[in-house]
Amino acid sequence: RALAGEQHRITFRIPSARAGRIIGAKGATIRSLQERHSVTVKLGSADGAEIPVEITAGSQSSAEAVEAAEKELRMLVEADPKVNTTTATFWIPADMTGKVIGHQGSQIKCLQDRFSVKIGLHNKNHGPERQPGETKVEVVGTSADNVQSAEEAIKALVAKQVVGITPPPPAPSQRLCHQ
């Protein structure tokens, strides 16, 4: 699992048909995972029904980071995306989108990690429900409580920034990532 103190490495195999879950749309899932855990993920060539996955981290990262990335990837591969997911969809002012994303994506990554959800922000036209000057937010997760908590955290973050709205201070357990 680990190389001579310099690198940490884990290699395992997944069904070839599930490699897309690791990669995600335009590579978004694999990039996000690599950034969150400070690891490199490489998918090898399929040899039949399976494909090798290698996760490595240099001396700057720990073995725990590699193992956490492996655990997350295995959950992605094993999860059935149509079972046990909850989605919350709501709108925020378009000029608050950057506040939700944070500097270099730090806020949205933190929210996703904290609540174990995926958060999508959509500014493009989404049909008749499109609201002028607003961004559509989708929060998806396997726990309805976590999805609701993430939605409330995002709304609190946005409300805190909108002039004239002063939400009550959050309880210590509900403080956001970067305020």
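The structure presented is a predicted model; accordingly, all values stated were derived computationally and were not measured.
Distance CD/E151 to CD1/I119: 10.5 Å, rounded to 0.5 Å. For the atom pair CD1 of I10 and OG1 of T56, the computed distance is 10.5 Å after rounding to the nearest 0.5 Å. Taking NZ of K99 as the start and CG of L157 as the end, the distance is 6.0 Å to the nearest 0.5 Å. With rounding to the nearest 0.5 angstrom, the CZ atom of R18 is 14.0 Å from the CG atom of L73. The structure places CG of L33 at 11.5 Å from NZ of K109, a figure rounded to the nearest 0.5 Å. Taking CZ of F115 as the start and CD of E152 as the end, the distance is 8.5 Å to the nearest 0.5 Å.
The closest side-chain heavy-atom distance from R21 to I14 is not below 4.5 Å. Here the side chains of R36 and D113 are in contact, with some heavy-atom distance below 4.5 Å. Looking at I154 and V137, their side chains come closer than 4.5 Å, going by heavy atoms from C-beta outward.
When only modelled atom types and interatomic distance are considered, E64 and H8 share no side-chain donor-acceptor pair under 3.5 Å.
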Q) Could you go step by step and tell me if V53 and I22 meet the side chain to side chain contact (heavy atoms under 4.5 Å, CB included) rule? A) CA-CA 10 Å; V53 178; I22 290 175; 4.1 Å; yes
Q.
What verdict does the side chain to side chain contact (heavy atoms under 4.5 Å, CB included) test give for K136 and T89, after you've listed the backbone C-alpha separation in whole Å, the side-chain angles of each residue and the deciding distance to 0.1 Å?
A. CA-CA 7 Å; K136 182 178 181 181; T89 303; 3.5 Å; yes
Q.
Between Q34 and T40, does the side chain to side chain contact (heavy atoms under 4.5 Å, CB included) criterion hold? Intermediate values first, please.
A. CA-CA 6 Å; Q34 291 179 125; T40 301; 4.0 Å; yes
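Residues G27 and I30 come closest through the heavy atom pair O-CG2, 3.3 Å. In terms of heavy-atom proximity, A57 sits nearest to V39 at CB-CG1, 4.0 Å. Shortest non-hydrogen contact noted between P52 and S45 is CD-O, 3.4 Å. Smallest separation of non-hydrogen atoms from L111 and V117: O-CG2, 4.3 Å. Taking each heavy atom of M96 and V158 in turn, the nearest pair found is CG-CG1, 3.7 Å. Counting all heavy atoms, side chain and backbone alike, E50 lies closest to R13 at OE1-NE, 3.1 Å.
We find that E70 and R74 are joined by a salt bridge, their nearest charged nitrogen and carboxylate oxygen being less than 4.0 Å apart.
Residues V147 and L121 share a single hydrophobic cluster, defined by chaining ILVMFWY side chains whose heavy atoms lie under 4.5 Å apart. Under the 4.5 Å side-chain heavy-atom criterion for ILVMFWY residues, no single connected hydrophobic cluster contains both V77 and V140.
Side-chain N or O atoms of S32 include none that pairs as donor or acceptor with a backbone N or O of A28 at under 3.5 Å.
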